[in-house]
Each structure stands twice: as C-alpha cells, then as structure tokens.
Amino acid sequence: MDSTGPLSTDGLVSMLTHEGVPVEHETFSRYVQNLDAEELRQMWRAMTVVRAWDLEATSLQRQGELGLWVQSLGQEGAQIGSGRALRDNDFVFPSYREHGVAHLQGVDLVEVLRIFRGLQHGAWTPAEHNFHLYTLVIGAHSLHATGYAMAKAREQKANPEQEPGAVVAYFGDGATSQGDVNESLIFASVYNAPIVFFCQNNQYAISESVTRQTKVPLADRGRGVGMPTIRVDGNDVIACRAVTEWALDHARSGKGPVFIEALTYRMGAHTTSDDPTRYRDKEEEQYWADRDPIARLDTYLSARGELSDEFREDVAQEAKALGERARSTVKSWKRPPLLDMFKDVYALPHAAVDAERVWFERFQESFDTEEAGR
Amino acid sequence: MDSTGPLSTDGLVSMLTHEGVPVEHETFSRYVQNLDAEELRQMWRAMTVVRAWDLEATSLQRQGELGLWVQSLGQEGAQIGSGRALRDNDFVFPSYREHGVAHLQGVDLVEVLRIFRGLQHGAWTPAEHNFHLYTLVIGAHSLHATGYAMAKAREQKANPEQEPGAVVAYFGDGATSQGDVNESLIFASVYNAPIVFFCQNNQYAISESVTRQTKVPLADRGRGVGMPTIRVDGNDVIACRAVTEWALDHARSGKGPVFIEALTYRMGAHTTSDDPTRYRDKEEEQYWADRDPIARLDTYLSARGELSDEFREDVAQEAKALGERARSTVKSWKRPPLLDMFKDVYALPHAAVDAERVWFERFQESFDTEEAGR
Amino acid sequence: MTTLTMAGAINAGLRAAMERDDKVTLMGEDIGKLGGVFRVTDGLHADFGDDRVMDSPLAESGIVGTAIGMAMAGFRPVIEIQFDGFIFPAYNQITTQLAKMHYRSRGDIQLPVVIRVPYAGGIGAIEHHSESPEALFAHTPGLRIVSPANPQDAFDLMQQSIACPDPVMFFEPKARYWDKGEVDTARVAAQLDGATGPANATAEMGKARVARQGSDVTLVAYGPTVRLALQAAEVAAEDGTNVEVIDLRSISPMDSDAVVKSAKRTGRVVITHEASTAFGVGAELSARVTEQAFFHLHAPVLRVGGFSTPYPGATFEHEFLPNIDRVLDAVDRVMKH
Amino acid sequence: MTTLTMAGAINAGLRAAMERDDKVTLMGEDIGKLGGVFRVTDGLHADFGDDRVMDSPLAESGIVGTAIGMAMAGFRPVIEIQFDGFIFPAYNQITTQLAKMHYRSRGDIQLPVVIRVPYAGGIGAIEHHSESPEALFAHTPGLRIVSPANPQDAFDLMQQSIACPDPVMFFEPKARYWDKGEVDTARVAAQLDGATGPANATAEMGKARVARQGSDVTLVAYGPTVRLALQAAEVAAEDGTNVEVIDLRSISPMDSDAVVKSAKRTGRVVITHEASTAFGVGAELSARVTEQAFFHLHAPVLRVGGFSTPYPGATFEHEFLPNIDRVLDAVDRVMKH
Ligand SMILES: Cc1ncc(C[n+]2csc(CCOP(=O)(O)OP(=O)(O)O)c2C)c(N)n1
Ligand SMILES: Cc1ncc(C[n+]2csc(CCOP(=O)(O)OP(=O)(O)O)c2C)c(N)n1
Ligand SMILES: [Mg+2]
Ligand SMILES: [Mg+2]
C-alpha cells in the first residue's frame, strides 16, 4: 500500500497484529494495561454477539421482514473498542451503522429493527442510553454532537464538582467530505468542546473508494484545524479502546477535541440493497477477511487459554436467544394506529396538523360507516 | 504574538521587512529575482492608484452617491502581489473586496460602482477579464472556482498544445469556516485541479477576530487535505507575488492545488456601514498602519532612488483622473428602464416572468394614461 | 408602557427571556461586541458575557447544527442569521434536522431553538440582503414561523418564541427596525408564569390580528407589508372603500380561520407580501380561503407580491416590491365584482 | 419505437445527449462503476470513462458548486443527487448561485446544469428517501423544474433539459423507474438539430400534456401522481364522472394556461401531488386557476397531497400519500356542486 495515501499504515496505532500477536505502543499501551482477561473476553463477547446479530438481521431482511438492513460486519473492533471506553457521563452521536456501540449503551438491538421495518424513524430514547438516534443525512449529527459538547462544557463550568463527560461523534470516511463535518471540527476546535470525532474509515462510501474523498490519511482533517489526531488500526479492538480512552480523557479534562481515524473495512455490502461485486474484487475482500477484528482477538485469547468452550457456548446462546427474540418480535409488531402518523410533529398543538388529523379521522370513519351501511 | 495561533509569524514568507529592508527567501526568492525596478514601480503604481480609488469611493458613499462601499484599504500588497503573478490563461474568482485584482485584470473600477449604487448585481463581463463577478455569499465561489479549474484540466488534457492556465480563488479568513470552502479544498485535492486558494487573512470577519475561526494558522486548512500550503506576509507585495508565481506554476504544471494564506490587515471598516470602534482599538490599528504595504515598497524603492517625483506625480494624476471620472460618471448614471428588472432571469422565455412583465408594462402604462387623461 | 423601536423591542424581549431563564443563549455572527449588524443584540454581550452571547465562526450550518446540539442538552439557543440571503447554508440543518427531530424521536427530543432572521427589503441594500424566504420554510412541517409587524408584537413574539418548545423561525422585517411604538412589557411575563405559560404563549403566537376593521375587502399582510396595507386602507377609505387589514403574525401555523371569517363577511380578499408571488405564502392562503369560503366570495382572491425575478438592484426595489399603487389596484379589481 | 422502463429511458436520454455533445459530463455519488443506486447511469461509466462520468466526493454542495464552475467553463454538467432528502446540503448553491447567476451577470453567464433528483415515495424506504421537495425550488426564479411521468417524457425531457441553456431540476419519480412504455427515440434528436433546437426544446419542456380527455372535472397531477390520477379517472368513469387528467410535466414554468383552459370547460379542478399539501405546488396552481377562471368554477379548487407531517415510516405511506380513495373523494366533492 501507498505510504502517504489514505490507506497508508504509517503511524497506525496497533496493539495486536492481525495474527493476534500483542505489540507495545509507546504512548497508548498504558491506557489498556489494566484490562484483565475478563474485560477482553467481554469485548470478544460483544463483538461476537453483534456480528451474529448482524447476520440475523441481514437474513430477516432477505426473508422480507425488514425493508433494509445496514450491516456493521467487519467494524466490530472499531465499535466495541471505542464503545467500551465510554463512561456514564459520556454521550454518543452515532451515524447509522454503530449497532455495536448501541448494544454497549444498552439499546435493545431488536428495537432498532423498528426503523428498518418502516414503523418509525427513531427506536430508542436517547437520554436513557446517552446514545442519540441514528442520523441518515450524512454528517448532520456531527454538528449536533459538537453543540452538545459545547453545552456539556458550560454545564461543567457551572457545576465543577460534577464528574466530567465528553461526547463521541461517529461517522464514516465519506462523511468527511461534507461541509457539516468540516464545520463541526472548526466549531469544536474554536469553542474547545469536549468531543472525540471517531471516523470509521471502512474504505467505502457505498461504491466509492476512500480515495474519492481524500488523497491523504483522513486523520489529517483534524490537523487542518489544529486538533490532536490519531490513526488507529480499526480492526484492533484493544488499540481502538486505548486511543479512545486517551481521547476521552483529553476531552473530559478540558483540553479540547480529538480526531481519531480508525482504519477498518466494511466486510459486507453498504446495505442489503447494495451489490459490491460491481465495484470491488474478491481478493480485496479476502485480504481484509484475513484481518478480521474478531478472529485476531480470538487467536490472542485462545493462545492464552482464556476462551473456554463453556464461555463460547454461553456467548453463542446469548446470540441465538437475541436472534430468536428478533424473529418472533419482529413478526409480532402490529402496524401502529394510523393516527400516530400525525403525532409529535410539534410538541404543542399546531392548527394545520390538527385540522388534517381531524379530517383524516372523519375520512377513515366514512369508510367504516360505508362498510357498516352495506 | 502567540507563536502557534492564527497570527503567529512562524514560517511567514517575507522578502521585504516592514522597514522596507529586503530579505532573501531560500525557496521563493528566485520567483521574483527577475523583477526589475520598472516592474516594482508598476506594483507601487497599482497599489497607490487602488488605494486612492478606495478613498474616493468611500467618500462617494459618504456623500450619498453609493449605498455602500467595501474597502480594500490595507490589502493592496496581497492583492497586487498575487494579481501581478497572473497570466493570460489564468482565471480569477474574487470575493467582493478584490478591487486591486479587478484593476489589474482590466476591469474599469468606475463600472464596479454600479453594484454599489444599486443599479445591478454584476458590472463587468467575466470572460472579458478572466475575472468572475463578485460573490457575496461567503465561500460559495470557492466551489465555482474549483469546478472551473476541473474543467480547465480537462480542456488541457484534450488540447495539450495549449498554454496551460490555472484558477485563483480569493476569500477571507472568515470564509474558511464555511462548509463550501472546505468542500472546495477537498474537491480540488481529489480531482487534482489547477487552482490556487488565496486566503487574505485580514484578521477580521466584520467584527470577529480570526481567533473565532481558528486556533491555528489558517494555512493548516490546506494541510488537512494534503495540499501544499504557504503562509506569506500579506503586506509584502514582493513576497505575495513570489509565492503566487510558485503556486500558479505548481497548479499549471498539473501538480494540483495550493493553499496560500496571506496575513494582512483590514485597515478600514468592514464596509462603510461598519463601526470598528466597537470591537478593536487604536493601538492595534496603529501597529498595522506601521506595517502598511505601500509604505514599505515606497521606502524600498525610494531608498534606491527608483521613485522619481515625476513618476509619483504621474501616478497621482492617474488616481485623480480616475476619481474625477468616477464622480462625474456615477452622477450621470440614469436609472435603467424599469422593464430591465425582468431581463435575464432566464436565457430563454419563461411563462411566469413573461406574464408578469407584460402585466407590469400595462400597469405602468395605465398610470401614463391616467396622467395623460388629467 | 414604554416607547421602543422594533429593534429595541426585540432587544428588550431577548433580555427579558435571558433574565427569566439562564438556559437562553444567543449565538450568531457579530452579535457580541458589535451587537449585530443591526444592533439588535446591543448591550447583551456586555451584560451577559461570552457564554450567553456567543460570536460564532462564519458558518450558518454550523450555527444551526450546534444550536440543535445545545438544545438537546437543555439549552434554549436563540440564533441570529445575519441576513435573509445567508440562511441557505443552514437549510439542510433546518429542514432535515431541526424540523424533524421531534417527530423522529417520537416526542423524546424537543428543540426550542429560535432562529432570528432580519428579512425583506426596502433598505437599498446590495444583493442577498433584501429577500423574503419565509415560504421556503413554511412547506416543511415541524417549524413554526412568525413575523412581527410592530414593536409590541416583536416584544411579545420574541419571548413567546423562546418559551415555545418547538423550533421557531422569527422573521424580523428589517426596514421596520426603526419604527417606534408603545410597548406593554408586563403582559407576556405574566402569561409565561405558571405551568401552562408556554402552551398559552404558543397558542397565542399562532393567531392573526385584525389591524384595522373594515367591511368591503379583506387585505392580508404580515411583517413588512402590514404598514403598507394600513396605508393602502387609508387611501382606499378616501375613495369610500372600507378595507379590513389582517396582520397574519404567524405563517406556520397560518391563521387562515381568521382570514376566512373576514372573507365570509367582505367577500373579497387581497394578500400582499414582499416575497415573489409565485409559490409564496399568498398562494397557500388563496387556496385555503377559496376552499373554505368559495361560495361567499364575490371575486377571486388576488395576490400582490414581488415579481418572479431575483431581488433586483436597489434602484428597482420600489417597483419590484408590492407598493401602494399595486395594492390599491388589486383592491380596485376585487371591488369591481 | 422501443420499449423502455423509465430508468432505461433516462439512461438512454443521457447517453444520447452525451453522444451528441462531448461537453455533457455526469457527476454524482456512486454514478460510476455502480451506475447509481437506481442504476440510472448503468453502463455510462464503462462507455464514456472517468472524465465524462465522475464519481464525486460525498458532498452535495460541492457537487452543485463545482458543476456551476464547470458550466461557466463551457461544460454541460448533469449531476445526480442520490435521493430527494439529500438535496438540502446543496440548497444554498442552487438557490443563491445556480438560480441567480444569469441574472447577476446580466445574461453573460449561462449555466446549463441539470440536477437529477430521484424523488417521491411509495418504495417502502427509510427516512429521507421518499420526499417531494419540488415546491422548495419552485419559488426561486431562475430555475426550471420538470418531472416526467412516463418513459417517453423521461427520454425527451432529459435531452431537452440538457440542451436548455438554463439550469433545470429534473425530478424523477423513483417509484415509476420500473414502469415500461413505448419510446420514440428519434423525435427529440430531430428537434435539437438546427439553431433554434434548444429554444424549441425549452418551450416544449414547459408545456403540460392532456393525459386523458374529459369534461366533468380537471384532475391535475405530475410525476408520481399521474398514474394515480389516470387510475382514479377510470374508476370515476365507472360512476359516470368524466375526468380530464392533465400531466403538468413542468413545475417551473407551470403551464397553468392549460389547466385554466380545461377548468373553463369543466368548472371543477382537483390537484394531486405527493408533497405536503400546505404551501405546495397545488397551492400556486389553485391560486392561479381561481384568479383566472373564477367565474367559470362550479366548486372551489381542491388539493389532495401529503399531510403536514414529515414523511412518516413506510408503514404509513399508503395513507400519507394521496391515494385513490382520497382523490376520488375530492372528485366527488367538486362534483357535488
Ligand atoms: C447528505 C447525504 N448524501 C447522501 C446520502 C446517501 N448515502 C447514504 S450512506 C452513503 C455513504 C456513506 O459513506 P461513509 O460516510 O463512508 O459511511 P459508511 O456507510 O461507509 O459507514 C451515502 C452516499 C446520505 N445519506 N446523506
Ligand atoms: C453565507 C454568508 N454569511 C454571512 C454573510 C455576511 N458577511 C458579509 S462579509 C462577512 C465577513 C467576511 O469575513 P472574511 O471572510 O474574513 O472576509 P473579509 O470581509 O474580511 O474580506 C460576513 C459575515 C455573508 N455575506 N454570507
Ligand atoms: Mg465508509
Ligand atoms: Mg477577513
């Protein structure tokens, strides 16, 4: 690979080679030196469950139970690594592919399917999980995250005794081209907001290679506004955890924003509507399959005898149960009452919506009456 | 001054100290080594005429002949230095303050006043001067410039025998925060467009100090997308010329875009509607008055006996004549026919505009008829 | 009662809201030391400091986007867009995020963001500084849109908008900034006290106002054209035509009931706004009035607005904008039936 | 005559224009190797290469903004916005630059840019993928806006739009992409030959089409609702109501003359579009028809559109969108008078 381009591995923080061999990192190793085997197993568990989940949801889509599914396949290292660095006072703004982080934040993944079954646009209460809704307009949420972080800084200034928190904004390689993402870096930097920009460079924006968004590593975008930047091997869950711990510490302690680029790979299609055979080849897919984030932690833990069959079985059961619950639950969802369509456009009454709801209600009734009259 | 912030003088390319003493620059001096005294005098002339012009237009505004004037006062070094580096095949996209560059490109500055007298929005034919119209929506033109450069690259690929040209996009420090400017850097870099981004950091966006746009030198924005960046003393006309020559060469020869930040100072108000006493102090203004771009070239040339009284007089006459022509011309402009309002909304007929024009014509005639009938 | 200009009334309304609730935070370009290019925020930075009155980077999408984030975290941002013509970089944030978040979150997330926009023409400005983009927002459910026409409404609507849990676009007719009027500064404060204050305020915000009573023609205006409508009514009165002037005050919701009620009495309706007539607010009002009062109308609803051209050079603005001649012409035309 | 889907017809129209003029250049997200998410540009990258079919960075403002620059330099960019809901980041470039450049430059600068937008609903998609934002552009002078309803119009309008010297927004009803129809591929080519080709093409682009003749009610539709209108007309015919269906084809200019002419015959008008009724295209048409045919109307003009809510979850879309029941209800209501 080119040593200066967006896929360069120069300066990539790595702590576990793709063969599962641990490596020390001068700056960041100390952020993970206290992780015991149990914690590593929990990361393995989360990655494994989320992957199984992803395949389950994909097959639900194939069976026609979902209109669409967006896979996180292959990005479990970046998501679980960064997600496990979060603390109670942190708040996450995901894009739409962060099922791994959602899971860690306690969002019920089954509920997420309501979105993809076309029942509603949001499917959890952000404040309950410190996890904002998925945002489909690329990059738009990066500004919300920045504003939220600006507010957090003000809150903390007003209540210095409070445990500080930070914000993490997730977005993809494609998103870095949007004006909004660039503006969010600028605002965050100028207002010294406690935010970590976590860019999962999965090398594709649908069909477009990351080379359509940049000629240099995406982490340089952070340099353009003078914020610390880190490039990390996104398929190395331990390294992702370490750099995110560092970045969150940095942000929480009032030192301002950090930009992290996690170099990973979208192992699946963009969504279930996509056909990657049109734009990439098997060799490339194989190259990255050999760098699977779960496999390498598996190798590492297995080599140390830390993944018992019992534990594996337990995790497999958890995944299976989740899948079964998904299948039965999804099919049980009824279409909500039609009048729900008019709910929550505004927090308080609005004449136009109200008038239309009333009209619609009568209109629907007229059919019932007609039918009754027959 | 802070050595890392946006006003740091670290790495600022300079060839003439503010006392008018020449300094060598390792990389860039050779781009101006062939400038003879005559050429330097021409730069002095242009700066001097444009400054006089600016004061004249300001006073026309004060007298009520113009609705508004936007001064270029203090930025003559950056504008004339960069502008004199342009060749016939280059094309400029200005913001709204580049009267100096307009003058060099052969735009009649008197005509420019039509805009500020409220007669029309554009006042010259861009293709005649390789100088696009002023764009008032901050940053929007940076994308036009990039697209124009992309087109130029294609043309040159198709006609390799043609003399290559490049594009220069001018914008201010404030503009660097706009999504559009950031997207233009990205597009230019990804498509390797022959364009030079020339940012005049005049330290203010209306009342806001540049520290509201960035914590680091603005030139770093270029680094964020991996393009060569240069910071230059914007009040040093020779250095501005040198770096722009270099950058245009770079762009014209197919090596891609360059970002130049010229550190200068807006010596006047933002516009004639502005009141800088609300947000900055006399000391600061004095500090920069001592670094006046014209004075330093004047000192340099005078010390070498290159500015004769006769030449000065000649330039003064040119400026005076321009001012006089402005005064008499502006007052002679008649309000255009009212129907002009409906012209050029579309290149070809459009039913809505046509119907309204016809209605309006009849409506106006009805008054004439009424009056005639009295 | 005190006498205030409209700019002064907005300033006072902002100040009152900031004193009432320390989550009210202003953000925008040049609103700090400069007090905004129209001085509407004059003195607020000095009194409330950097954290409450924030000069922002020059990026409208950034302003709206970060205001959304701040609102999610419990703040009540009031942001200024410097001029009408510069709101478009923020259009995506307003249309896809601000307007839809409450719906998307099924009521979990309220975004009490107020977007102040000095708008409309008549001040002899250069391009982009005289536009009336309100219709470009009115089609998007989830936003409320108001536009005051006098200092009292400016003062009241500002505080009501800030108290409202929904996003509000607050269009300020810049040519009227210096118009003076008597302002009762106590009434809204009383309204906002108590648990149902915001609900009452929001309901009131959506109501039109009869600015002048009349029986022959209903002349509807809002923001900058209300003064024009009142002037036209005076002139028409001299010719014996009794014009009722309705100031809409709110564009979303639009109080078409008030107009329909009046139309049923007068049988004739004229609407005037500065925005281009075609696809403007008047189109919707015309359609609704016709739907609901068709059999009471003596004449078709007429519209008097800007032409279907970009806002022209200032030298043309008197003729481009609805002016008294054009309004009276429309009044004459409906009176013919 | 050949049989094509609408997507295929647009593809063929693009190809024909690219063959005709090598300045025609496509740009957008995923339009290259992938052929666009709807495969509308399928095969064009393979045949015309990287320089004519350009995958762009993921930034809509950048796409429109650089297309403007390319057009200034003599190119004819045809750009794709991936979905309706993602056009808003480009709103500033479209509204303040693309639409106004010709006026600003007093005719010196033509911007023959075509913006293709797959739009409207009915495909069971997630948020932002089913919207109808056309009214948000129709209020801005300087843009032309068309929307084909069948393969023939798609093929013709595409080439006419590219030949037109003004910017054109080309709204493609995505739910109709797979509808098939007969297409005459020769007529437009002949029209475009000769010096006045673009002028003729532009004039034709702005014209409505009578999709079905009738005498009782004028039912107006465009893009995705034309098929619905025709279906409703069939059902109404069974009840003895003779519905004339007009396919507007163009929204700017809007051929209201054609509608007024029909309305003067039928005395009854119903308009249907997917966009929210309030402040939509139907409002303008209703207002114009009423202004111009008031004394011929037996009933008020009625509108059947989306509701004043954000586009809801797909499970609701059949009821959110105008459907045959709602259209027939409106037809019944106007027939009561
Ligand atoms: C503003 C906007 N434009 C276009 C789209 C359509 N779209 C959806 S996902 C996507 C690619 C995103 O790529 P990236 O940011 O790398 O994220 P990834 O999907 O790879 O996680 C595009 C173009 C969109 N959702 N929003
Ligand atoms: C999109 C947009 N927002 C706001 C404005 C109002 N405005 C005009 S000039 C200006 C400041 C520009 O600062 P800078 O880019 O530094 O250029 P300078 O005026 O200093 O040359 C602002 C905010 C505008 N013209 N366009
Ligand atoms: Mg990606
Ligand atoms: Mg500046």
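Convention: sequence-line order gives letters A, B, ...; per-chain numbering from 1. Computation of the quantities below employed the complete heavy-atom set of this structure, encompassing side-chain atoms and omitting hydrogens, waters and symmetry-equivalent molecules.
- Taking B/Thr146, B/Thr125, B/Val167, B/Ile186 one by one and counting their heavy-atom pairs under 4.5 Å with chain D, the maximum is reached by B/Thr125.
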**Message:** What verdict does the side-chain contact (heavy atoms from CB on, under 4.5 Å) test give for D/Met101 and B/His132, after you've listed the backbone C-alpha separation in whole Å, the side-chain angles of each residue and the deciding distance to 0.1 Å?
**Reply:** CA-CA 11 Å; D/Met101 194 71 78; B/His132 184 58; 3.7 Å; yes
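- The shortest non-hydrogen separation linking B/His350 to D/Leu143 is NE2-O, 4.3 Å.
- For D/Ser256, no part sits under 4.5 Å from any heavy atom of chain B, backbone or side chain.
- Contacts of B/Ser184 with chain D are absent, with no heavy-atom separation under 4.5 Å from either backbone or side chain.
- For B/Ala145, no part lies under 4.5 angstrom from a heavy atom of chain D.
- With a threshold of 4.5 angstrom between heavy atoms, B/Leu348 approaches chain D through its backbone and through its side chain.
- Interface remark: D/Lys100 contributes no atoms to any contact with chain B (heavy atom separation under 4.5 Å).
- Residues B/Val353 and D/Pro141 form no side-chain contact, since every pair of their non-hydrogen atoms from C-beta on lies 4.5 Å or further apart.
- Pairing each heavy atom of D/Ser56 with each of B/Tyr191, the nearest pair is CA-OH, 3.1 Å.
- A donor-acceptor contact shorter than 3.5 Å links the side chain of D/Asp166 to the backbone of B/Ala347.
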**Prompt:** Do D/Gln110 and B/Tyr346 pass the side-chain contact (heavy atoms from CB on, under 4.5 Å) test, and can you show the C-alpha distance, the side-chain angles, and the key distance before you say yes or no?
**Reply:** CA-CA 9 Å; D/Gln110 294 185 350; B/Tyr346 295 90; over 6 Å; no
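- In terms of the side chain to side chain donor-acceptor pair (under 3.5 Å) criterion, D/Ser286 has no residue partners (sequence neighbours excluded).
- The main-chain N or O of D/Ala73 is never found under 3.5 Å from a side-chain atom of B/Tyr148 such that the two would form a donor-acceptor pair.
- Interface residues of residues 58-70 of chain D toward chain B, defined by a heavy-atom distance below 4.5 Å and sorted by number: D/Ala59, D/Ser61, D/Gly62, D/Ile63, D/Gly65, D/Thr66, D/Ile68, D/Gly69, D/Met70.
- Between B/Leu143 and D/Gln93, the shortest heavy-atom distance links the atoms CD1-NE2, 3.6 Å.
- The most heavy-atom pairs under 4.5 Å with chain B, out of D/Lys23, D/Met54, D/Arg288, come from D/Met54.
- The salt bridge (Lys or Arg N to Asp or Glu O under 4.0 Å) with B/Arg154 is formed by just one residue from the set D/Asp22, D/Asp51, D/Asp50; it is D/Asp51.
- Contacts of D/Thr96 with chain B are made by side-chain atoms alone, with heavy-atom separations under 4.5 Å and no backbone atom involved.
- No more than 12 heavy-atom neighbours from other residues, nucleotides or ligands sit within 6.0 angstrom of CG on B/Asp88.
- In this structure, chain D has no heavy atom under 4.5 Å from any part of B/Phe91.
- Contacts between B/Ser142 and chain D at a heavy-atom distance below 4.5 Å are absent for every atom of the residue.
- Residue B/Gln120 holds its CD atom at 4.0 Å from CZ of D/Arg106, rounded to the nearest 0.5 Å.
- The backbone N or O of B/Met341 lies less than 3.5 Å from a partner atom in the side chain of D/Tyr103, making a donor-acceptor pair.
- Listed options B/His121, B/Glu128, B/Lys152 were ranked by heavy-atom pairs under 4.5 angstrom with chain D; first place goes to B/His121.
- For D/Met27, the part lying near chain B is the side chain, with the backbone staying farther off; criterion is any non-hydrogen pair under 4.5 Å.
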**Asked** Can you check side-chain contact (heavy atoms from CB on, under 4.5 Å) on D/Arg104 and B/Asp344, steps first, answer last?
**Response** CA-CA 8 Å; D/Arg104 183 179 301 146; B/Asp344 297 321; over 6 Å; no
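- The closest side-chain heavy-atom distance from B/Met150 to D/Phe75 is not below 4.5 Å.
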